**Q** 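If you scroll down you'll find the structure; I have some questions about it.
All chains are named by letter (A, B, ...) in the order of the sequence lines, taking the proteins before the strands, and each is independently numbered beginning at 1. Note that the structure is a prediction, hence the values are computed from the model and not measured.
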Protein chains: 2
Amino acid sequence: MHSSAEENYLKAIYKLQEANGELVATSALAQLLGIHMASVTDMLKKMSTKKLVAYQKSKGFKLTEKGRLAAIGIIRKHRLWEVFLVDKLGFRWDEVHDIAEQLEHIHSQDLIDKLDAYLDFPKTDPHGDPIPDAKGVFAISKSVLLAALSPGSQGKFTGVTDHSSAFLNYLDKIGLSLGDTVKVKEVEAFDKNYTLLLKGKKSVVVSFKVANSLLISE
Amino acid sequence: MHSSAEENYLKAIYKLQEANGELVATSALAQLLGIHMASVTDMLKKMSTKKLVAYQKSKGFKLTEKGRLAAIGIIRKHRLWEVFLVDKLGFRWDEVHDIAEQLEHIHSQDLIDKLDAYLDFPKTDPHGDPIPDAKGVFAISKSVLLAALSPGSQGKFTGVTDHSSAFLNYLDKIGLSLGDTVKVKEVEAFDKNYTLLLKGKKSVVVSFKVANSLLISE
DNA sequence: CCGTAATATTAGGCTTGCCTAATTATTATT
DNA sequence: AATAATAATTAGGCAAGCCTAATATTACGG
């Protein structure tokens, strides 16, 4: 089994690969994990020996298929636990990340399978992020950033790209929840503020930063 | 917060103190934890500095009040998670120990409070062991070993002192479950075998070893 | 009360995963 | 292409928790 440290590297590498394409840089990973580059180099050499990453000195690295599957397994656990925390224990969506960060390192395939069944095989976590199935397959769902929509178009709010408490609390405050229909009424050219119509009634004005953190589907 | 290793020491020391009275020996702890004595001495010095144990060189040691409360907190988490695993996820009582052993090290007071409420504040875990409340208080319940009963007496089966899979499976096999009424019909002087009447109907013969691992109340 | 067995501690080492400082590669700039 | 800036690696260390081997302490039988 992999150590918690290794699992955190796997998750982080996966995330960077998803975001920036193929090769991941030592510096990017160090920044994301909040540790120094030398430590990353250290660990990558070890993970390379274990065939979790393909590592080319001074060039960059990427997950092997083995590493990719391991990473997806951890993401699956993290997101299932988040669903549990919110749906069953009554946590708010902005409170669950740190706890799930610990729970994702519990080692038991049986546990995660039973948890999945208990939660009725959820497809997304409380932030709208997709949950891979037991085989590591994500249900494909094409979404776009709200900031990419032009005035007049609309869709359903299905996810966020910013998972911070501050951002999630802000959404609660303006009354925007996952699943809500959102229409772009107007985009102010000057400051890029977006005027949105929520659920066909409430009108709110949000910054580009916010519009660029909301995922819209359909 | 304490490390997982420290928490395992705390739990083990607590257990030994409960079983054998006051001072705990280095060797006993080493054996229980499956590590070497030198390692125990190492760790105890550190835990002593942290005021978790009162440590007298070459004499023995015991938990401080701070250590005792920490130990009880871990036991509480372990047992609540066991209830969750059995009652909610459908694990059998002989399968949950190792998973709970991991889950007990998750750090979040909020989590454990919410879990407790979700499980409806259970008083005992799936093996009949008492669960301390949020203040660290155990509901007192006086039970005796079945091996201490004389023929003719009876009571309710409320706990085990052997938590091994092998033993628990054996109880399943002979059809003995927590809460069942058990009557001692006969004790064979020669080999100390116990003839029991389960739930007023089924009669079974068990060894002294088994009788000495069953807790009876009322 | 003395020697031996049993217990406990000290000393020195190892692995994991991190650190700082120094060095080497790579990339960008003029 | 030479130099400067940025990125990456190497070298040497440290704390946590474990180990083995050596030493010290306590307990016990005669």
**Q** Any side-chain heavy atom of A/T124 within less than 4.5 Å of one from A/T158?
**A**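 A side-chain contact under 4.5 Å is absent here.
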**Q** For A/Y9 together with A/F61, are the ring centres under 6.0 Å from each other?
**A**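 Ring-ring flag for A/F61/A/Y9: false, centres at least 6.0 Å apart.
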**Q** What is the minimum heavy-atom distance between A/L215 and A/S143, and which atoms define it?
**A**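 Looking at all heavy atoms of both residues, the shortest contact is CD2-OG, 3.7 Å.
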**Q** Check the distance between C/dT16's P and A/H2's NE2 and give it to me in whole angstrom.
**A**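 A/H2 atom NE2 is separated from C/dT16 atom P by 14 Å.
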**Q** Round to a whole Å and report the spacing from CG of A/L29 to P of D/dT9.
**A**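 To the nearest whole Å, that distance equals 11 Å.
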**Q** Looking for any heavy atom pair under 4.0 Å, which part of the strands does A/T41 touch: base, sugar-phosphate only, or nothing?
**A**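 Counting heavy atoms under 4.0 Å across all strands, the contact made by A/T41 includes a base.
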**Q** Taking atom P of D/dT6 as reference, at what distance in whole Å does atom CD of A/Q31 sit?
**A**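 Taking atom P of D/dT6 as the reference, CD of A/Q31 is at 15 Å.
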**Q** Whole Å only: how far is the CG atom of A/L44 from the P atom of D/dT9?
**A**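 After rounding, the reported distance stands at 8 Å.
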**Q** Using residues 29-56 of chain B as the side-chain source, report each donor-acceptor pair under 3.5 Å to any protein atom, sequence neighbours left out, with the distance given to one decimal.
**A**
| from | atom 1 | to | atom 2 | distance (Å) |
| --- | --- | --- | --- | --- |
| B/T41 | OG1 | B/M37 | O | 3.3 |
| B/T49 | OG1 | B/K45 | O | 2.9 |
| B/K50 | NZ | B/E6 | OE2 | 2.4 |

**Q** Quick one: B/L16 CG to C/dT7 C1', roughly how many Å, whole number?
**A**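 In whole Å, C/dT7 C1' lies 16 Å from B/L16 CG.
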**Q** When you measure from the side-chain N and O atoms of B/K57 to the phosphate of C/dT10, is any distance below 4.0 Å, counting only OP1 and OP2?
**A**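 It does, given that an N or O in the side chain of B/K57 lies less than 4.0 Å from OP1 or OP2 of C/dT10.
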**Q** Considering every strand and a 4.0 Å limit on heavy-atom distances, what is the contact class for A/Y55: base, sugar-phosphate, or nothing?
**A**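 Result for A/Y55 = sugar-phosphate.
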**Q** Taking 4.0 Å as the cut-off, does a side-chain nitrogen or oxygen of A/K59 come that near to OP1 or OP2 on C/dA25?
**A**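 So the side chain of A/K59 is outside the cut-off, no N or O lying under 4.0 Å from OP1 or OP2 of C/dA25.
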**Q** Does B/K88 qualify as a cation-pi partner of B/Y118, given the criterion of NZ or CZ under 6.0 Å from the six-membered ring centre and within 45 degrees of its axis?
**A**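 Geometry flag: set, cation within 6.0 Å and 45°.
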**Q** Are the aromatic rings of A/H2 and A/H105 close, with centres under 6.0 Å apart?
**A**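 When the ring centroids of A/H2 and A/H105 are compared, they turn out to be at least 6.0 Å apart.
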**Q** Walk along nucleotides 15-22 of chain D from 5' to 3' and tag each nucleotide B, S or - by protein heavy-atom contact under 4.0 Å, base first, then sugar-phosphate.
**A** --BBBB--
**Q** For the CG atom of A/L63 and the CD atom of A/E22, what is their distance to the nearest 0.5 Å?
**A**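 Spacing of CG (A/L63) from CD (A/E22) equals 10.0 Å.
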**Q** Just how far, in rounded Å, is P of C/dG17 from CD of A/E7?
**A**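 Answer to the nearest Å: 11 Å.
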**Q** Could you state the CZ-P distance from A/F61 to D/dA8, rounded to the nearest angstrom?
**A**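 Taking atom P of D/dA8 as the reference, CZ of A/F61 is at 8 Å.
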**Q** Would you say B/S27 places a side-chain N or O within less than 4.0 Å of OP1 or OP2 belonging to C/dA6?
**A**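 Answer is no, no contact under 4.0 Å.
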